[in-house]
Amino acid sequence: MTLHMNKQFKQILLNEVNRIDTAGSTKRVEVVIDSFTKEISPKALIKNKKYLIFNSNDYLGLRFNKDVINAEHKAADKFGAGPGAVRFISGTLKIYKELESAIAKFHGREDAMVFSSAFATNVAVMSCLLKGQSKDALLSNEVCVISDTLNHRSIIDGIRAASIDKEQKFIYKHLDFDDLRRVLQENQSKFKRAVVVTDGIFSMIGEFADIKKLKAVCLEFDKSYEQGVFLVVDDSHGVGSYGATGRGCEEKSNGQADALVGTFGKAFGSDGGYVVGDKVFIDYLRESAATYIYSNSVSPSVAGAALQSVRIVSSTKGRKLLQKLQENMQYLKKQMLKADLQFAAESDHPIQPLLVGDTMKAKQLKNLLFKQGIIVTNITYPVVPKGKDEIRIQISASHTKKDIDQLVKASNKSAKQLGIIK
Ligand SMILES: Cc1ncc(COP(=O)(O)O)c(C=O)c1O
């Protein structure tokens with residue numbers, strides 16, 4: 001209980017919460033999952049009812065993998081429940097170094113750095129690329145940043161955290177590399193360095209950024225900027241789940257970023273974020289990144305689980321999981337189309353957006369599916385353009401055909417009921 005809160009300030013907070021509720025964008029009414037069943041494809045248990053989860057980022061089903069959970073327990077036994085301190089005090093445990101080596105190797109890079117989350121990673125990477133700790137270290141007034149319109153919030157906050165002038169910040173049209181070219185062209189005589197930043201997989205409809213093409217545009221202008229054009233890609237949704245061996249958008253397009261950000265909290269089934277790149281860049285970050293220097297890393301158990309997941313994804317077992325994921329996706333697409341349902345966009349990522357086209361109906365469809373024991377997410381205007389309101393389905397290798405059949409059947413029935421399809 002709050003012993004004292006200024007009445008006026010309390011009212012201000014109440015007004016803000018009410019404003020959000022009235023706008024219909026309440027987030028704090030969350031679905032509480034009591035536990036999971038022990039089936040091959042685990043179901044959520046909510047008030048003793050089973051629910052199929054079709055909105056999890058656990059694309060390979062690794063969060064319930066026995067070896068991953070065992071590795072988690074082992075790391076906790078060996079290193080304790082928490083890191084005890086930040087990295088440069090006494091919080092650098094061997095398990096973090098092993099995880100960093102493994103993920104650097106996985107992405108074919110010199111070095112890696114683990115953070116508590118990908119959010120914290122992006123804040124560090126973007127703010128440190130744009131502004132150094134010491135006043136003139138990075139010659140901050142000589143840099144411009146060019147960001148995709150639909151980049152993740154953590155990238156935006158990272159740019160904000162650098163507190164550079166607004167004249168140094170640019171946005172290019174979503175996935176429009178000609179527009180990026182225009183911005184790079186217009187600024188080549190004004191700045192000595194450009195930082196280009198994009199999501200790899202865009203999580204709203206599963207689109208992917210072609211890193212090879214993007215890097216080619218950066219290289220076109222690399223010589224026009226005295227300190228070059230530096231490409232940052234946050235492929236949090238792509239790593240582990242996308243590309244022939246799970247190396248994400250880079251693998252899919254056969255391209256490479258200068259700094260690649262990822263998360264262990266999605267396809268790797270654990271938690272925590274990371275960045276991989278050249279050693280000098282990682283060395284610089286270890287000296288400069290506030291979310292690394294002044295904040296704990298993930299728990300050792302979480303790092304142990306992540307390390308085991310990276311090992312699995314790197315093995316033939318991982319290949320099999322990726323293959324199963326692909327099969328499930330193809331099966332979902334085929335069955336949905338057969339059931340007269342349409343997708344909002346063509347995606348070959350496990351994020352599959354089912355087109356509804358109406359904000360209210362998307363919400364109603366989500367609620368109807370929930371009543372039938374299926375959890376999905378509705379993504380509506382203004383997050384997606386008007387008329388592109390959708391139900392975002394996320395497929396996992398751990399889903400069974402029966403699960404998918406149940407989703408398709410319920411979607412067809414409910415979409416008919418709402419007049420979305422005939
Ligand atoms: C593109 C992107 N970057 C970063 C994040 C944050 O990941 P984490 O949960 O590891 O902070 C997300 C998660 O929603 C994401 O989609």
Side-chain angles (χ1 to χ4, degrees), residues 27 30 53 55-60 62-63 96 99-100 103 107 112-127 129 147-161 171 174-175 196-211 214 231-243 247-250 252 257 259-276 289-292 295-299 301-303 305-307 309-310 313 347 349-353 376-377 379 383-384 390 392-396:
K27 290 214 165 37
E30 297 154 340
I53 303 271
N55 61 352
S56 159
N57 306 313
D58 179 24
Y59 300 121
L60 296 176
L62 286 175
R63 76 172 159 150
Y96 301 139
L99 180 57
E100 287 173 346
I103 199 67
H107 288 296
M113 195 170 160
V114 172
F115 290 76
S116 57
S117 68
F119 201 112
T121 315
N122 276 330
V123 169
V125 168
M126 293 317 298
S127 62
L129 269 174
S147 179
D148 186 290
T149 319
L150 295 188
N151 274 345
H152 190 260
R153 172 65 184 261
S154 50
I155 294 175
I156 297 166
D157 277 12
I159 296 171
R160 283 181 184 147
I171 285 171
H174 179 48
L175 288 175
V196 173
V197 57
T198 182
D199 281 18
I201 293 290
F202 287 84
S203 63
M204 292 305 121
I205 57 173
E207 297 159 293
F208 108 104
D210 187 316
I211 309 306
L214 196 50
L231 175 62
V232 181
V233 175
D234 168 10
D235 199 15
S236 286
H237 279 275
V239 294
S241 72
Y242 199 60
R247 265 74 175 176
C249 290
E250 287 194 335
K252 191 80 182 179
L260 175 72
V261 173
T263 182
F264 296 115
K266 299 189 195 296
F268 290 113
S270 177
D271 222 346
Y274 63 86
V275 56
V276 295
T291 53
Y292 177 88
S295 178
N296 272 2
S297 192
V298 286
S299 297
S301 52
V302 166
L307 178 58
S309 291
V310 174
V313 176
S347 158
H349 182 268
I351 293 173
Q352 293 292 326
V376 292
T377 311
I379 311 265
V383 178
V384 286
E390 56 160 287
R392 186 174 70 168
I393 295 165
Q394 290 170 283
I395 281 284
S396 167

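Worth knowing before you read on, the calculation uses all heavy atoms, side chains too, and leaves out hydrogens, waters and symmetry mates. One-based numbering, in listed order, for ligands and for the atoms of each.
For Ser301, the side chain to side chain contact (heavy atoms under 4.5 Å, CB included) partners are Glu72, Ala76, Ser299, not counting sequence neighbours. Applying the ring pair (Phe, Tyr, Trp, His ring centres under 6.0 Å) criterion to Phe202, with sequence neighbours excluded, gives His174.
Considering backbone and side-chain atoms alike, Ala118 places an N or O below 3.5 Å from some N or O of ligand 1. Taking distance alone, with nitrogen or oxygen atoms compared against 3.5 Å, Thr263 approaches ligand 1 more closely than that limit. Any N or O atom pair closer than 3.5 Å counts here, and Lys266 shares at least one such pair with ligand 1.
No hydrogens or angles considered: a donor-acceptor pair under 3.5 Å links the side chains of His237 and Tyr59. Checked by atom type, the side-chain pair Ser347/His349 shows no donor-acceptor distance below 3.5 Å.
Of the protein's heavy atoms, His152 CE1, 3.4 Å lies nearest to atom 5 (C) of ligand 1. When hydrogens are left out, the protein atom nearest atom 11 (O) of ligand 1 is Phe119 N, 3.0 Å; that is the closest non-hydrogen contact.
Here is the list of ligand 1 atoms found below 4.0 Å of a heavy atom in His237: 16 (O).
Not a single protein heavy atom sits closer than 4.0 Å to atom 9 (O) of ligand 1.
None of Asp199, Asn122, Thr121 except one satisfies the side-chain hydrogen bond (donor to acceptor under 3.5 Å, both in side chains) rule with Ser154; the exception is Asn122.
The side-chain heavy atoms of Leu231 and Ile211, taken from C-beta on, include a pair separated by under 4.5 Å.
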